[in-house]
Amino acid sequence: MIRHIFIGVIKEGVPASKINERLEVMKGLKDAVPFVKNFAVGRNLGWFTPIDSLVLTADFDNKEKWEEFINSDYHMQKLGAVAGEVFDMEKSSAYQFEY
C-alpha cells in the first residue's frame, strides 16, 4: 500500500472563501478517482506545527495506481493546475511511502 501526503501551505492574504473553495475541490478527489483508499483532507489545526495549510492523505494499492492518480484529469486540471492560486508551492510538499 502506498500513502500519499500533500501539505499545501496557504499563501498569506488568501481569503477564507478561496481556501474553503480549494478544500471542497480537494474533497471531491474521492469521487473523481474511485480507486483512492483511506482518503482524508482538512485544514491543519496548528497544534504542533503552526503553519496554515490544507493536508490531504490518500492511499493507493501500488505505485501504478498512485501514478494513475497523479496523471488523472482531476489531479492535473482541478488540483495541480490551479494549486498556486491558494498554495505557496515552494513551501508546500508531498510525500509518498509504502506500508
Side-chain angles (χ1 to χ4, degrees):
M1 192 69 73
I2 304 295
R3 176 154 294 163
H4 173 77
I5 302 169
F6 172 73
I7 302 169
V9 176
I10 298 168
K11 291 179 180 178
E12 284 189 42
V14 175
S17 61
K18 192 75 166 170
I19 295 167
N20 291 334
E21 178 184 301
R22 175 74 356 212
L23 184 59
E24 290 306 310
V25 170
M26 291 171 75
K27 287 179 180 179
L29 173 68
K30 181 63 178 158
D31 294 328
V33 184
F35 55 83
V36 173
K37 300 180 178 195
N38 300 321
F39 173 79
V41 64
R43 194 162 185 173
N44 181 31
L45 299 173
W47 295 344
F48 186 74
T49 306
I51 296 173
D52 197 9
S53 58
L54 299 182
V55 179
L56 177 145
T57 63
D59 293 348
F60 301 90
D61 285 332
N62 50 46
K63 183 181 180 189
E64 291 75 23
K65 287 294 183 189
W66 175 80
E67 288 173 336
E68 188 176 339
F69 152 68
I70 289 296
N71 295 307
S72 70
D73 288 340
Y74 197 85
H75 182 264
M76 298 295 285
Q77 296 171 11
K78 299 274 188 178
L79 297 176
V82 294
E85 294 177 7
V86 173
F87 301 126
D88 181 335
M89 295 309 291
E90 290 184 16
K91 293 179 182 175
S92 298
S93 55
Y95 305 91
Q96 299 77 39
F97 64 90
E98 189 170 21
Y99 68 100

Notebook entry, point to check: How long is the gap from CD1 on I2 to CD on E98, to the nearest 0.5 Å?
Noted result: 4.5 Å
Check: Any idea which heavy atoms bring A83 and M89 closest together, and the distance?
Finding: CB-SD, 3.8 Å
Notebook entry, point to check: If Ile, Leu, Val, Met, Phe, Trp and Tyr residues are connected whenever their side-chain heavy atoms lie under 4.5 Å apart, and connections chain through other members, are F35 and M26 in the same group?
Noted result: yes
Check: Are the side chains of I10 and F87 in touch, meaning some heavy atoms are under 4.5 Å apart?
Finding: yes
Next item on the list: Please assess I5 against F97 for the test side-chain contact (heavy atoms from CB on, under 4.5 Å), listing each intermediate value before the final yes or no.
Entry: CA-CA 9 Å; I5 302 169; F97 64 90; 3.7 Å; yes
Next item on the list: List the steps, then state whether side-chain contact (heavy atoms from CB on, under 4.5 Å) holds for I7 with Y95.
Entry: CA-CA 9 Å; I7 302 169; Y95 305 91; 4.2 Å; yes
Check: Can you find a heavy atom in the side chain of E21 that is under 4.5 Å from one in the side chain of E24?
Finding: no
Checklist line | side-chain contact (heavy atoms from CB on, under 4.5 Å) between L79 and R22, intermediate numbers included | finding: CA-CA 8 Å; L79 297 176; R22 175 74 356 212; 4.0 Å; yes
Check: CD of Q77 to OG of S72: how many Å apart, nearest 0.5 Å?
Finding: 9.0 Å
Next item on the list: Verify the neighbour count for atom CD of E64: are there more than 12 heavy atoms of other residues, nucleotides or ligands below 6.0 Å?
Entry: yes
Next item on the list: Decide if atom CE of M1 counts as having more than 12 heavy atoms of other residues, nucleotides or ligands within a radius under 6.0 Å.
Entry: yes
Notebook entry, point to check: Heavy-atom distance under 4.5 Å between the side chains of V55 and V41, does that happen here?
Noted result: no
Check: What heavy-atom pair brings A58 and F39 nearest, and what distance separates the two atoms?
Finding: CB-CD1, 4.1 Å
Notebook entry, point to check: Within the side chain of S92, is there an N or O that forms a donor-acceptor pair under 3.5 Å with the backbone of V9?
Noted result: yes
Notebook entry, point to check: Taking only residues at least two apart or on different chains, which pairs with a member in residues 35-44 satisfy side-chain hydrogen bond (donor to acceptor under 3.5 Å, both in side chains)?
Noted result: K37-D61, N38-D59, R43-D52
Margin query: With a 3.5 Å distance limit and no angle check, can you tell me whether K30 reaches the backbone of V36 through a side-chain donor-acceptor pair?
Written below: yes
Item checked: Residues that F69 engages under ring pair (Phe, Tyr, Trp, His ring centres under 6.0 Å), provided they are two or more places apart -> H4, F60, H75
Checklist line | Contact summary for Y74 and A32, nearest pair of heavy atoms | finding: CD1-CB, 3.3 Å
Margin query: For a 4.5 angstrom cut-off between non-hydrogen side-chain atoms, does K11 reach V86?
Written below: no
Notebook entry, point to check: So L56 and L29, side-chain contact (heavy atoms from CB on, under 4.5 Å) or not? Walk me through it.
Noted result: CA-CA 10 Å; L56 177 145; L29 173 68; 4.0 Å; yes
